[in-house]
Amino acid sequence: MKSKLYQWQTEAQKGGICEKCGRIVEYLTVDHIVPQSFVLCLDNGKWLYMNDETNFQFLCQPCNKMKGASWDFTNKTMVAKLKQYLEPYL
């Protein structure tokens, strides 16, 4: 069975609307809302990295490059996901 990330990457190749800037592009990238560098540090990080599609978003290449592995604490989705990921450790 293919991972959710693989399925999203396949869909991204079809293009569409960037969730950050709203541009319509021929090719999108799959971005991890909570950076993958953090997710992979968790006990179940590899599974989350590949399959937690609530942590995926479609971005155009310029928006994804600008975001990189940064933390945007004004992004309510990122903050909620971070709380969800950390709750088992608290």
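When a residue number appears, it is its place in the shown sequence, counting from 1.
- Not a single donor-acceptor pair under 3.5 Å links the side chain of Lys83 to the backbone N or O of Met78.
- A cation-pi geometry, defined here as NZ or CZ lying under 6.0 Å from the six-membered ring centre and within 45° of its normal, holds between Lys2 and Tyr6.
- Within the 4.5 Å cutoff, the side chain of Asn64 has no heavy atoms near those of the Met66 side chain.
- Atom OG1 of residue Thr29 and atom CD of residue Gln61 lie 6.5 Å apart, to the nearest 0.5 angstrom.
- Heavy atoms of other residues, nucleotides or ligands lying less than 6.0 angstrom from OH of Tyr27 number more than 12.
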Take Tyr85 and Val39 through the side-chain contact (heavy atoms from CB on, under 4.5 Å) test and state the conclusion after the steps.
-> CA-CA 8 Å; Tyr85 289 158; Val39 172; 3.8 Å; yes
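- Note that the SG atom of Cys41 and the OH atom of Tyr49 stand 13.0 Å from one another [nearest 0.5 Å].
- Within a 6.0 Å sphere centred on CG of Leu40, other residues, nucleotides and ligands contribute more than 12 heavy atoms.
- The pair Lys67-Asp31 meets the salt-bridge criterion, with a side-chain N (NZ, NE, NH1 or NH2) lying under 4.0 Å from an Asp/Glu carboxylate O.
- Applying the side chain to side chain contact (heavy atoms under 4.5 Å, CB included) test between Leu48 and each of Thr54, Asp43, Leu42 identifies Leu42 as the sole match.
- In plain terms, the two heavy atoms of Ala69 and Pro35 that are nearest each other are O-CG, 3.5 Å.
- Separation of atoms CG (Leu82) and CD1 (Ile33) is listed at 12.0 Å; rounding is to 0.5 Å.
- Between Phe58 and Val30 there is a side-chain heavy-atom pair separated by less than 4.5 Å.
- The structure places CD of Gln9 at 8.0 Å from CZ of Phe56, a figure rounded to the nearest 0.5 Å.
- Between the side chain of Glu19 and the backbone N or O of Leu59, no donor-acceptor pair lies under 3.5 Å.
- Counting heavy atoms from C-beta outward, Asp52 and Lys81 have side chains that approach closer than 4.5 Å.
- Expressed to the nearest 0.5 Å, how far CG of Leu28 lies from CD of Gln13 amounts to 10.5 Å.
- Without hydrogens or angle criteria, Asn51 side chain to Ser3 main chain gives no donor-acceptor distance under 3.5 Å.
- Not one N or O on the side chain of His32 forms a donor-acceptor pair closer than 3.5 Å with the backbone of Asn55.
- Lys4 pairs by the salt bridge (charged side-chain N to carboxylate O under 4.0 Å, His left out) definition with Glu53, not counting sequence neighbours.
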side-chain contact (heavy atoms from CB on, under 4.5 Å) evaluation trace for Val79 with Trp71 = CA-CA 9 Å; Val79 172; Trp71 296 84; over 6 Å; no
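- For the atom pair Ser70 OG and Asn75 CG, the distance stands at 9.5 Å (nearest 0.5 Å).
- Open room surrounds CD on Glu26; 12 or fewer heavy atoms of other groups in view lie less than 6.0 Å from it.
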